Protein chains: 2
Amino acid sequence: MTRRDDTWRARFPALAMLPEAERGLLAERTVPMALPAGTTVFEPHQACGSFLFVRSGQVRVYQLDQDGREIVLYRLGPGSICILTTLALLAGDRYGAFAVTETPVDAAALPGRSFDDLLGRSPRFRSFVFAAHAERMVDLMRVIRSVAFESIESRLAARLLTLAADTRALSITHQQLAAEIGSAREVVSRHLKSFERRGWVSLARNRIEVKNAASLREASGSSGA
Amino acid sequence: MTRRDDTWRARFPALAMLPEAERGLLAERTVPMALPAGTTVFEPHQACGSFLFVRSGQVRVYQLDQDGREIVLYRLGPGSICILTTLALLAGDRYGAFAVTETPVDAAALPGRSFDDLLGRSPRFRSFVFAAHAERMVDLMRVIRSVAFESIESRLAARLLTLAADTRALSITHQQLAAEIGSAREVVSRHLKSFERRGWVSLARNRIEVKNAASLREASGSSGA
């Protein structure tokens, strides 16, 4: 509809290729949303009838086990669609996933009825949605491989490097780090202390500073982050 | 089309509710397949353009990590559709999943083009397909929780009971059991020997006999199988 809508579709190259009528429908039926960091955008039992297109910012998707332990499943960045809505409508409560914004997020919400309407009309839109499903399955399979077969030390080192990125210093609790790698807080604390003894990190309350990225990279078993 | 087709649709209640024209299309375009046990029905790099509806029998879906270690992801029984085809077409090689028949399987194959045609025409068919995606995401999330947070002993005990079902005796290698619970063969062997010492199982070459299901059930941390 507007220039703003054109801009956000640039984040979704697959949607920019939709025929004019379908693009019009998408622009017309979506509602822009500006979400502050820390907003829960999806949770089980929540009546959520819209599909969220992430234009900018980042959303963390995680599950809780029955003892309330969290495991991070994947993150959605610009150009992603949150498919939890479909899954929640169809798999109901058994799909115990949560989604929360980690940064301010600019999104567009498409109501469920319009979503299904577009799915029916548009083979390209179907491809886009199924590709999103495929990406998320790939994400979950990666988590499974990692938790089943990589050592805690390697997972922890890799995640510290990814999360720290260029900053070297992380504001994060040991509990949160445990959720990142699918482990328990005590286990993470023990390994962090061992990293500190080796001079790879320095630890303060809710804060971890990376002192030796090269050693962490070696421990992560990877040549990159 | 035929009585045979009517019979198999009875396995798929959601599809039996399709309008007449869509049911006709489905019957007309699907090809029956009788697959012996041990047939690979899906693997990465394989040009697989059809969607498989399982009418009877069981298919095991697993992934391999880069060292060739296997992890069982889920099983498809009667009434299931194998969604790997969509994912492979869209996520390509990164979706390293395999599917193999564990028993003789009677299936119906729907070519990709007809699948997409039905998706476009039929809201009910879309619901059916998205519900299958949702089920598989739930399966993968269950594997993640189990591998991250349940002890090897508990996962092994639970899986022995599930696999043995009414038979008490299992023909299975330690390697295969490791794949079932996402662990390593040596770890499984060690725990099986410990189970044997406690009188819960007896071990022979490629064979495990359940001697004390109640203790296994207790170790599995569950009141059922």
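Every heavy atom of this structure was used, including side-chain atoms; hydrogens, water molecules and symmetry mates were not. First the proteins, then the strands, lettered A, B, ... as listed; each starts at 1. Computed from a predicted model, the values in this text were never measured in an experiment.
No part of I181(B) comes within reach of chain A, as not one of its non-hydrogen atoms sits under 4.5 angstrom from that chain. If you measure heavy-atom distances from E150(B) to chain A, you find no contacts under 4.5 Å at all.
The most heavy-atom pairs under 4.5 Å with chain A, out of V143(B), I71(B), D67(B), L64(B), come from I71(B).
With a 6.0 Å cutoff to the six-membered ring centre and a 45° limit on the axis angle, R11(B) does not count as a cation-pi contact of F53(B).
Within the model, atoms NE2 of H191(B) and OG of S151(B) stand 7.5 Å from one another, a figure rounded to the nearest 0.5 Å.
Interface with chain B: from residues 113-123 of chain A, residues D116(A), L119(A), G120(A), P123(A) qualify, criterion being any non-hydrogen pair under 4.5 Å.
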Just list the side-chain donor-acceptor pairs under 3.5 Å for residues 76-83 of chain B, sequence neighbours left out, or say none.
residue : atom : partner : partner atom : Å
S80(B)  : OG   : G77(B)  : N            : 3.3
S80(B)  : OG   : G77(B)  : O            : 2.8

Please tabulate, one pair per line, all N/O donor-acceptor pairs under 3.5 Å involving side-chain atoms of residues 56-63 of chain A, not counting sequence neighbours.
residue : atom : partner : partner atom : Å
Q58(A)  : NE2  : E102(A) : OE1          : 2.8
R60(A)  : NH1  : E102(A) : OE2          : 3.0
Q63(A)  : OE1  : R145(B) : NH1          : 2.7
Q63(A)  : NE2  : M141(B) : O            : 3.0

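Side-chain atoms of T101(A) come within 3.5 Å of backbone atoms of G38(A) as a donor-acceptor pair (strictly under, hydrogens ignored).
Ring planes of H133(A) and H133(B): perpendicular class, angle over 60° (limits at 30 and 60°).
Applying the side chain to side chain donor-acceptor pair (under 3.5 Å) test to E20(B) and every residue at least two apart in sequence or in another chain returns R23(B).
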